[in-house]
There are 2 protein chains.
Amino acid sequence: MPPATPAQHKFQSPKGTRDFYPADMAVRRYIESIWRKVSINHGFEEVDGPTFEHLDLYTHKSGPGIVSEIFQVFSGKDEEQIRSIRAGGDAPFALRPEFTPTLARMVAAKAAELPRPIKWFATPTMFRAERPQRGRLREHFQWNVDFMGGDVRTEADAEIIATAVAALDKLGLQPGDVVVGYSNRLYVQEILIKTYGLPEDNLDAMFVLLDEGTKIGPEQFDQRAIAMGIAPSNVDWFSTFAGVRPLEGIGRWDTDSVWIEPLKRAIQQAGVSEWCDFRPGIVRGLAYYTGTVFEIIAEGERAIAGGGRYDNLIESFGGPSLPACGFGMGDVVLANILHDKGLLPEEVIMQPLRPHVFVISSGKEQAEAELPKLVAQLRRAGYHVRHSYRSTRNVGKLLGEAGKARARLAIILGDELAEGKVAVKNLDTGEQGEPVSRDGLESSIKAMLSAVDV
Amino acid sequence: MPPATPAQHKFQSPKGTRDFYPADMAVRRYIESIWRKVSINHGFEEVDGPTFEHLDLYTHKSGPGIVSEIFQVFSGKDEEQIRSIRAGGDAPFALRPEFTPTLARMVAAKAAELPRPIKWFATPTMFRAERPQRGRLREHFQWNVDFMGGDVRTEADAEIIATAVAALDKLGLQPGDVVVGYSNRLYVQEILIKTYGLPEDNLDAMFVLLDEGTKIGPEQFDQRAIAMGIAPSNVDWFSTFAGVRPLEGIGRWDTDSVWIEPLKRAIQQAGVSEWCDFRPGIVRGLAYYTGTVFEIIAEGERAIAGGGRYDNLIESFGGPSLPACGFGMGDVVLANILHDKGLLPEEVIMQPLRPHVFVISSGKEQAEAELPKLVAQLRRAGYHVRHSYRSTRNVGKLLGEAGKARARLAIILGDELAEGKVAVKNLDTGEQGEPVSRDGLESSIKAMLSAVDV
């Protein structure tokens with residue numbers, strides 16, 4: 001009898017975070033494995049940093065306002081930290097809300113010894129102190145890919161975009177499913193000032209408005225644009241430029257611009273043109289972008305990914321002046337889209353988790369003694385091996401359990417064991433050949449699974 | 001010219017956390033990949049939970065004292081949370097210091113629908129608000145493996161131990177390098193009370209003393225043992241039992257005990273006897289253990305792993321009464337030992353990160369145009385492909401760069417391109433055969449890399 005339990009308390013995960021049960025985890029690992037493989041195939045090397053950083057790493061570039069958007073962290077052991085917070089201060093640490101400050105700090109710390117270009121990727125977990133919504137959680141995973149240094153800016157921009165596209169392609173998405181909208185902040189700036197006569201002082205505010213763009217709707221967009229200095233007679237045209245109104249007029253926007261044409265050509269050379277579209281009004285929200293900017297959009301969803309060129313950021317963290325370009329792609333919106341399009345079929349997701357072998361004992365003494373030895377031997381040889389923990393020795397029932405576990409082969413330890421043989425059944429085809437020798441079983445299995453990566 | 005930079009600030013990672021540069025990350029991924037592969041091959045399924053949990057998930061079992069050992073977390077957006085902390089309260093969340101409470105919460109939440117036994121593993125990051133020391137950081141990764149339910153306690157204990165051993169084996173360690181010391185709390189309890197006459201009220205305190213054991217040295221151990229009720233005439237014998245004095249006398253301890261003998265036999269059946277040793281004094285520090293306990297020890301280091309049976313824990317988190325056994329293995333001590341024993345050779349660690357192909361252009365116009373196309377084509381085909389970003393077109397220098405990148409093959413786009421052919425050099429052997437057809441290049445490469453998993 002278990003001891004009487006105390007009054008029960010129902011524990012739950014914090015709002016906006018996730019419990020990954022095996023089926024959820026299989027999806028997460030599937031996406032992460034494609035992110036990693038594509039990154040490595042494109043010549044990026046993996047890095048990571050701490051889950052929490054000093055708070056001032058984030059206030060440094062973003063200003064003190066950011067403290068109200070992040071989770072703050074302090075040591076429960078450190079009296080001084082606790083006293084300081086109770087006296088009205090902030091906590092000394094923050095859960096990372098983005099990876100770029102960590103990246104800039106790491107590059108700055110070892111700038112002299114790192115070979116150029118520095119091509120890094122990471123798949124860290126990130127945190128936002130916000131109300132959770134569809135596509136936006138308090139903790140999520142984000143693929144970060146960055147190309148720093150090397151005197152090849154446009155080529156680097158295109159390579160970064162091609163890397164993002166390669167992952168979406170491998171995940172089964174088609175060019176029509178998503179659009180990589182790209183532009184350049186210097187192009188937008190030129191248009192704003194030269195074509196629309198925007199006062200230079202309003203540039204930053206206008207970038208914020210352009211980034212909010214479609215979220216706020218045409219009326220409010222027009223009002224705010226006019227208030228910043230866009231002539232009322234130009235505002236229809238301007239909202240098309242911004243992508244707030246339909247893009248039919250897009251032909252009017254100048255892809256021959258010195259800011260756009262070379263990138264367009266590099267995207268073509270990288271073989272991803274059909275995924276990409278010039279969207280003049282894209283500027284991205286983060287103030288540190290200095291040139292090319294892009295976001296990957298699926299109809300009716302938040303952006304899947306966003307990125308761009310940030311040539312001054314690493315220097316501002318104490319590093320060298322290093323041109324840089326990168327993007328972040330979160331797991332939440334991406335998984336929603338893959339799920340909605342039926343691109344997470346169970347047979348694909350579970351494929352790497354299928355047992356190679358399910359070992360069954362018919363219950364005879366010799367079989368019972370053999371089972372743990374065989375299981376241990378095959379696991380040591382690198383196979384994924386399972387067996388039943390139930391008390392039944394009904395071979396039919398146990399074959400059913402093997403099938404439910406998605407095992408490829410069943411090994412049945414039965415009467416033939418007296419002659420040193422065992423039965424092997426292919427559970428995919430249902431075939432069961434002549435019993436094979438127990439001694440040579442490991443190589444028999446190897447042959448039968450030859451198509452399988454062990 | 002870059003803009004003049006503001007006064008520079010040197011940013012650093014928080015004390016006791018790590019920056020993973022590519023070489024560090026390769027080691028971490030190497031260890032994690034073996035943890036994952038061994039877990040899956042032993043039939044465990046992967047899970048994960050949030051990085052931060054409600055603080056009361058930890059105070060529930062461990063009492064309020066734990067708040068001073070963990071990092072506390074609050075939302076910078078939530079006025080109420082901030083007010084509560086400033087008024088002297090704790091933060092609402094904590095960075096997870098261990099995985100077992102999350103595991104128990106997750107099992108409790110879906111107990112009815114989870115098939116038994118529940119065999120789960122995880123490789124989460126963990127946090128401790130402590131002064132960093134060798135083998136002990138503020139953030140580290142921990143492999144957790146748990147076997148819950150299924151009416152097979154001793155077999156489950158042995159399987160858990162065999163899983164831990166399989167990873168150490170695959171990482172290159174030998175039975176002599178580490179010892180899996182095992183015991184059973186019920187056995188220890190019986191000896192303490194029956195053999196040594198320890199008052200039952202002192203049992204918990206004695207478990208704490210036994211766990212501190214070797215850390216505090218024989219004199220202090222003896223004093224505290226006597227104070228708790230061990231007869232001074234028995235204290236030498238007792239300190240041998242505890243493992244505080246040399247273990248020569250170990251033969252005197254009764255492995256025929258009903259608490260020890262079945263586990264010993266199951267360990268034998270699982271094929272890992274030579275890694276394991278009965279160590280009667282092992283009890284482990286966590287109060288929730290109820291039976292088998294074990295730790296994996298290397299001379300002169302903190303424990304590599306520790307675990308045991310915790311049959312009442314899941315019920316205490318609102319779940320069903322479910323027998324359970326598991327262990328945790330951190331990455332820090334393990335990596336230190338592997339490093340000291342030369343078991344992290346660069347060629348092993350970097351093997352999965354080697355480029356398949358390095359593409360070189362001789363500088364001719366046709367070659368320059370072909371390079372980005374070929375790179376894109378081979379990456380799309382699943383190969384890890386690199387090329388130079390330098391302006392040199394000196395093929396010798398570029399072959400040097402390819403070798404430094406550890407590429408397997410170099411493809412040289414030279415004069416033969418005019419006839420639709422390219423040169424391919426095997427960088428491992430130095431061989432360069434006849435030029436091959438550009439059109440059939442993908443299959444030529446596939447054949448040349450046939451030994452390689454693409």
Side-chain angles (χ1 to χ4, degrees), chain A residues 2-3 5 8-11 13-14 17 19-22 25 40-43 45-54 57 60 67-77 85-86 93 105-106 117 125 129 139 150 152 269-271 315-318 321 353 372 376 379 383-384 386 389 453, chain B residues 2 5 8-11 13-14 17 19-22 25 40-43 45-52 54 57 60 67-77 85-86 93 105-106 117 125 129 139 150 152 166 269-271 312 315-318 321 353 372 376 379 383-384 386 389 453:
Chain A
T5 49
Q8 299 288 317
H9 183 100
K10 248 316 192 205
F11 292 96
S13 55
T17 68
D19 289 338
F20 292 89
Y21 288 88
M25 197 67 194
I40 291 166
N41 283 358
H42 284 72
E45 299 184 298
E46 191 170 11
V47 297
D48 197 6
T51 302
F52 63 89
E53 292 270 12
H54 288 293
L57 188 73
H60 172 65
V67 301
S68 73
E69 292 162 32
I70 59 191
F71 282 102
Q72 297 184 37
V73 177
F74 63 95
S75 162
K77 197 183 207 93
I85 297 165
R86 293 204 170 135
F93 306 114
R105 176 176 68 62
M106 286 174 64
T125 179
E139 176 172 11
V152 287
Q269 283 205 311
E315 195 172 8
S316 83
F317 278 93
S321 169
L353 303 174
R379 283 178 179 165
Y383 293 102
H384 175 175
R386 299 202 186 182
Y389 296 94
D453 167 38
Chain B
T5 50
Q8 298 288 318
H9 182 101
K10 248 323 193 196
F11 292 96
S13 56
T17 69
D19 288 339
F20 292 88
Y21 288 88
M25 197 67 195
I40 291 167
N41 283 359
H42 284 72
E45 299 185 299
E46 191 171 11
V47 296
D48 197 5
T51 301
F52 63 90
H54 287 293
L57 188 72
H60 171 63
V67 301
S68 72
E69 292 163 30
I70 58 191
F71 282 102
Q72 297 184 37
V73 177
F74 63 96
S75 162
K77 196 183 207 92
I85 297 165
R86 293 206 170 131
F93 307 115
R105 176 177 68 62
M106 285 174 65
T125 178
E139 176 172 9
V152 287
Q269 283 205 311
N312 302 327
E315 194 172 10
S316 82
F317 278 93
S321 168
L353 303 174
R379 284 178 179 165
Y383 294 102
H384 175 176
R386 298 201 186 185
Y389 296 93
D453 168 36

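Note on naming: letters A, B, ... go to the chains in the order of the sequence lines (proteins, then strands), and numbering restarts at 1 for each one. Keep in mind the model is a prediction, meaning the values are calculated, not measured.
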Below 4.5 Å from any heavy atom of chain B, which atoms of A:Val67 appear? Answer side chain, backbone, both or neither. backbone
CZ (B:Phe11) and NE2 (A:His60) are apart, to the nearest 0.5 Å, by 4.0 Å
Between B:Tyr21 and A:Met106, is there a donor-acceptor pair closer than 3.5 Å when you use the side chain of the first and the backbone of the second? yes
Rounding to 0.5 Å, atoms CD (A:Glu46) and CE (B:Met25) come to a distance of 3.5 Å
Interatomic distance, A:Glu53 atom CD to B:Asp19 atom CG [nearest 0.5 angstrom]: 7.0 Å
Among B:Thr125, B:Leu57, B:Val152, residue most engaged with chain A (heavy-atom pairs, under 4.5 Å): B:Leu57
Using side-chain hydrogen bond (donor to acceptor under 3.5 Å, both in side chains) as the criterion, list what pairs up with A:Thr51, not counting sequence neighbours. B:Glu139
For chain A, which of B:Ala376, B:Pro50, B:Pro372 has the most heavy-atom pairs under 4.5 Å? B:Pro50
Top contributor to chain A interface from B:Arg386, B:Gln72, B:His54 [non-hydrogen pairs under 4.5 Å]: B:Gln72
For A:Arg379, which residues count as a side-chain hydrogen bond (donor to acceptor under 3.5 Å, both in side chains) partner, sequence neighbours excluded? none
Using non-hydrogen atoms and a 4.5 Å limit, figure out which bit of B:Ala270 sits close to chain A: side chain, backbone, both or neither. backbone
Partner chain B: residue of A:Glu45, A:Glu69, A:His42 with the largest heavy-atom pair count (under 4.5 Å): A:His42
May I ask you to name which of B:Gly271, B:Pro14, B:Gly150 has the most heavy-atom pairs under 4.5 Å with chain A? B:Pro14
Name the option with the most non-hydrogen atom pairs under 4.5 Å to chain B; the candidates are A:Val73, A:Asp48, A:Thr17, A:Ile40. A:Asp48
How long is the straight-line distance from CZ of A:Phe52 back to OG of B:Ser13, given to the nearest 0.5 Å? 9.5 Å
Is it the side chain or the backbone of A:Pro117 that comes within 4.5 Å of chain B heavy atoms, both, or neither? side chain
What part of B:Phe71 gets within 4.5 angstrom of chain A, counting heavy atoms only: side chain, backbone, both, or neither? both
Can you tell me which portion of A:Ile70 sits under 4.5 Å from chain B's heavy atoms? Options are side chain, backbone, both or neither. backbone
